[in-house]
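Quick notes on the structure that follows.
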Amino acid sequence: MDIDKIRAEFPILRRTIYNHPLVYLDNTATSQAPDSVVNSIVSGYTQTKANVHRGVHTLSMEATELQEGARRRVREFVNASSIEEIIFTRGTTEAINLVAASYGGEFLKDGDEIILSVMEHHSNIVPWQLLQRRKNLKIRVIPVNAIGELDMEVYKSLFNERTRFVSVCHASNVLGTINPVKEIIAIAHSHGVPVLIDGAQAAPHLKIDVQDIDADFYAFSAHKMYGPSGVGVLYGKKKWLEMMPPYQGGGEMIESVSFEKTTFAELPFKFEAGTPDFISIAAMHKAIDFIDNLGIDNIAAHERKLLDYTTARMLEEIPGMRIFGTAPDKCAIISFLVGNEHHYDMGMLLDKLGIAVRTGHHCAQPLMTALGIDGTVRASFAIYNTIEECDMFLAALRRVAAMLG
């Protein structure tokens, strides 16, 4: 692939920070958007801004077709069996909250148990704790081993007659570990237990096939996959979505309303109350096109090259380097500390040299507790990053490590 040509589609990469070229290595938090996505947003606001599904005039019908075209595109992207299984949300967080509130509120009862993992993002912990406040539920946790992989033997042992739901990430936003979700789901299904997969970190890097892995629910966000912010997707098996009550009430999700009775719209609209962010939804279509045009396998191979190169040199060249998450099957994420230096100090000094990395607990405090630390520096790669940028990052890291002693 011509990475220079790809980079030309991202004007933000031409910025300078403190007179240094920007090296953007915070892609796990959010990725940048190519011209095609930005142009789609501009076009939406200047050419087709009209409420969807509610008008017979031209602008409304055009906007509706753009949104529903994006839904068809998402269905293809994850290989869902029907567009009725594709729900647009504000992101992965809202998608998980929807399942916890709607499925959990309807089907889980006092005494039931839910299985999560210690590597979950807070977005896949707190919604279940909120449900736990309303119902007397127990949350059981899968631990990780020394290299950051889920302990599958412990996972198997957590099931009992009270287990009613499993919710785990496809890939860790801290360790980079790619979890064996097909096996995780098969084990749960052998006990009659449905599974939600948080795919926020997987969708930009891996081929997603919800039918192959047999996921009951799968959630991801556009802004981590070269798309706009404020929009995401919940895939759900039709059998579950048909039985679940609406998550929110209001316009769009109704069939008819009277003060005596309200009936709800068919799928997928039953779960899409109010005016959606139809402009960002249309732009998400362009982000998926960008990924598919490059090829997800090509993207993954390029990112793996950057990951392996940078990891090896960090361990060789930076005294006191500690990398958290060394599973052989991982996304292009490096979470690290240098000696006992504070992650915030390193992140701020790297920023002065033009290097954008993430610092802190990464919304994964239970995992930090398990690792015995309070946070890390995290560098994460995308298709537009280069070996030259890795060298710039490494040079800056050596300089910062020396400054901090």
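Positions are given from 1 along the sequence.
With respect to Asp214 and Lys237, a salt bridge is recorded, a charged nitrogen being found less than 4.0 Å from a carboxylate O. Ion pair Arg71/Glu68 flagged as a salt bridge, since at least one NZ, NE, NH1 or NH2 atom sits closer than 4.0 Å to an Asp/Glu carboxylate oxygen.
Contact check for Phe393 versus Val357: side-chain heavy atoms found under the 4.5 Å cut-off. The shortest distance between side-chain heavy atoms of His170 and Ile208 falls below 4.5 Å. When side chains are defined from C-beta on, Glu266 does not count as touching Lys270, because their heavy atoms never get closer than 4.5 Å. For the pair Leu175 and Lys330, the minimum side-chain heavy-atom distance is 4.5 Å or more.
Partners of Ser81 according to the side chain to side chain donor-acceptor pair (under 3.5 Å) rule, which considers only residues two or more places apart in sequence or in another chain, are Glu85. Contacts of Asp292 classified as salt bridge (charged side-chain N to carboxylate O under 4.0 Å, His left out), with partners at least two apart in sequence or in another chain: Arg73. Applying the side-chain contact (heavy atoms from CB on, under 4.5 Å) criterion to Pro21, with sequence neighbours excluded, gives Met392. Listed by chain and residue number, Lys156 satisfy the side chain to side chain donor-acceptor pair (under 3.5 Å) test with Glu153 (two or more places apart in sequence, or in another chain). Looking at residues two or more places apart in sequence or on another chain, you find a ring-ring contact (aromatic ring centres under 6.0 Å, His included) between Phe165 and Tyr103, Trp128. Every residue was checked against the side chain to side chain donor-acceptor pair (under 3.5 Å) condition with Thr177, not counting sequence neighbours, and none meets it.
With rounding to the nearest 0.5 angstrom, the CZ atom of Arg72 is 12.0 Å from the OG atom of Ser82. Separating the OH atom in Tyr218 from the OG1 atom in Thr92 is a distance of 9.0 Å, to the nearest 0.5 Å. Here CD1 of Ile299 is found 9.5 Å from CE of Met225. Values are rounded to the nearest 0.5 Å.
Note on ring orientation: taking the six-membered ring where Trp is involved, the planes of Tyr384 and Tyr226 are perpendicular (angle over 60°, cut-offs 30° and 60°). Using a 30° and 60° split on the angle between ring planes, Phe269 and His53 fall in the perpendicular class, above 60°.
When each of Leu22, Leu25, Leu397, Ile17 is checked for a side chain to side chain contact (heavy atoms under 4.5 Å, CB included) with Ile355, only Leu25 meets the rule.
A distance-only check finds a donor-acceptor pair linking the side chain of Thr369 to the backbone of Gln365 [under 3.5 Å].
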